[in-house]
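Comments concern the structure below.
Proteins get letters first, then strands, A, B, ... in listed order; numbering begins at 1 in each.
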There are 2 protein chains.
Amino acid sequence: MSPTNQQTLESIIAQLRSKGMRKTAGLTSVIETLIDADRPLTIAEISERMDSAARCDPATVYRILEKLEKARVVRKLGMHERAMYFELLHRENHHDYLLCTGCGSITQVSAACPVGALERQLQETTGFTNLTHELVFYGMCPKCSQ
Amino acid sequence: MSPTNQQTLESIIAQLRSKGMRKTAGLTSVIETLIDADRPLTIAEISERMDSAARCDPATVYRILEKLEKARVVRKLGMHERAMYFELLHRENHHDYLLCTGCGSITQVSAACPVGALERQLQETTGFTNLTHELVFYGMCPKCSQ
DNA sequence: ATACCTGCAAAGTCTTTGCCTTAGG
DNA sequence: CCTAAGGCAAAGACTTTGCAGGTAT
């Protein structure tokens, strides 16, 4: 692990310790794994990638991530619900969404979607075909921030 | 249901019929429900919102959506896997992702993320606070499109 | 010594499949 | 008629929780 990453790790742990969390092998190893990751990971993947010495149960990884999320060190991707979401695919009718992390409400963003240019660029540079995208904003709605 | 929506419904069903699907009460009602929806819906929500006359089992909704997705009439949001994904939240270090719908590979997008301006605008116009966002592109990677 | 953390196992939730009946074309 | 579609129920997969024992402070 590079000196920069080592520093990141220590600063995160210091922040958590100040909130009363204990520095355990599991906590350290989960954060290390996330720092080293080049993409979002599932609970199972994190558990598998942890050093065999510090490997811990998926249930424990779950509980660690729960705390890391509350501390805003980590975020969970997706709609923040267990279930899958489906929407109609009108070509002329793409929508982005605004989701409240407090109450879970989902509303459409009315402004024009700003990623068309990047999408075309990606199609050229990466060789991917049939590109579509999904853009979701997360935040606290006025009611929930009170 | 407005005449425009009625037309949308019929054109979708015609498209599906040409692929050998039968026009059933369930299929019609699922599509109607999605047309009327103002946000993505879960399987359970679709089942609940269907007219009591045409309401059908969640398992059936699942199978209908499966076909609609193959026909590219509907899309599924999220990481397209059952599991939840987590990533570290470096403030200076936001990433967008490119996901292959064929093999499921996930890679980072290196280009700058184009949604910062919209995010600030939403923060002002909607009253949402602590906005973050998630941008994922979906497509077929070069290997899978062969 | 005390509270937090952990592993194991069980419970819960949503998805996915099998089977048999129903119904579209 | 023939075959796709639907309902019910069971199987799967991942998450979430309870509990008893371990560990950081």
Spacing between [X] atom [atom1] and [N] atom [atom2], to the nearest angstrom:
{"X": "L41(B)", "N": "dT15(C)", "atom1": "CG", "atom2": "C1'", "value": "17 Å"}
{"X": "M79(B)", "N": "dC14(D)", "atom1": "CE", "atom2": "P", "value": "16 Å"}
{"X": "R22(B)", "N": "dA5(D)", "atom1": "CZ", "atom2": "C1'", "value": "7 Å"}
{"X": "I46(A)", "N": "dC14(D)", "atom1": "CD1", "atom2": "P", "value": "14 Å"}
{"X": "D57(B)", "N": "dA23(C)", "atom1": "CG", "atom2": "C1'", "value": "17 Å"}
{"X": "L65(B)", "N": "dA5(D)", "atom1": "CG", "atom2": "C1'", "value": "14 Å"}
{"X": "L77(B)", "N": "dT15(C)", "atom1": "CG", "atom2": "C1'", "value": "17 Å"}
{"X": "F86(B)", "N": "dT15(D)", "atom1": "CZ", "atom2": "P", "value": "7 Å"}

_Nearest-nucleotide pick for M84(B), side chain only, options being dT15(C), dT16(D), dC8(D)_ = dT16(D)

*Which of these nucleotides, dT25(D), dT17(D), dG25(C), is closest to any side-chain atom of E66(A)?*
dT17(D)

*Step by step, would you call E81(A) with T42(B) a side-chain contact (heavy atoms from CB on, under 4.5 Å)?*
CA-CA 10 Å; E81(A) 287 294 326; T42(B) 65; 6.0 Å; no

*Closest approach of V30(B) and L68(B), non-hydrogen atoms and distance?*
CG1-CD1, 4.1 Å

*asked:* Heavy-atom nearest nucleotide on DNA chain D for C56(B) versus A83(B): which residue maps closer to 5'?
replied: C56(B)

_DNA chain D: 5'-proximal contact among R55(B) and E81(B) (nearest heavy atom)_ = R55(B)

Would you tell me if any nitrogen or oxygen in the side chain of [X] comes within less than 4.0 Å of OP1 or OP2 on [N]?
{"X": "K67(A)", "N": "dC4(C)", "result": "no"}
{"X": "Y62(A)", "N": "dT15(D)", "result": "no"}
{"X": "T24(A)", "N": "dT6(C)", "result": "yes"}
{"X": "K23(B)", "N": "dA23(C)", "result": "no"}

_Salt-bridge present (R39(A), E45(A); N to O < 4.0 Å)_ = yes

*Salt-bridge contact R75(B)-E87(A) (side-chain N to carboxylate O under 4.0 Å)*: yes

Tabulate protein N/O versus nucleotide N/O from nucleotides 19-21 of chain D, keeping only pairs under 3.5 Å, one per line.
none

*Crowded around Q7(B) CD? As in, over 12 foreign heavy atoms under 6.0 Å?*
no

*dT15(D) base to R82(A) side chain: any donor-acceptor pair below 3.5 Å?*
no

*Does a side chain donor of either Y97(B) or E134(A) reach within less than 3.5 Å of an acceptor in the other side chain?*
no

*Nearest 0.5 Å, what's the OG1-CD1 distance between T8(B) and I13(B)?*
11.0 Å

*Reckon A59(A) touches a base, only the sugar-phosphate, or nothing at all at heavy-atom distances under 4.0 Å?*
base

*With DNA chain C as reference, determine whether P58(B) or A25(A) sits nearer its 5' end, using the nearest nucleotide of each.*
A25(A)

*Check against side-chain contact (heavy atoms from CB on, under 4.5 Å), L122(A) and F128(A)*: CA-CA 7 Å; L122(A) 284 174; F128(A) 269 62; over 6 Å; no

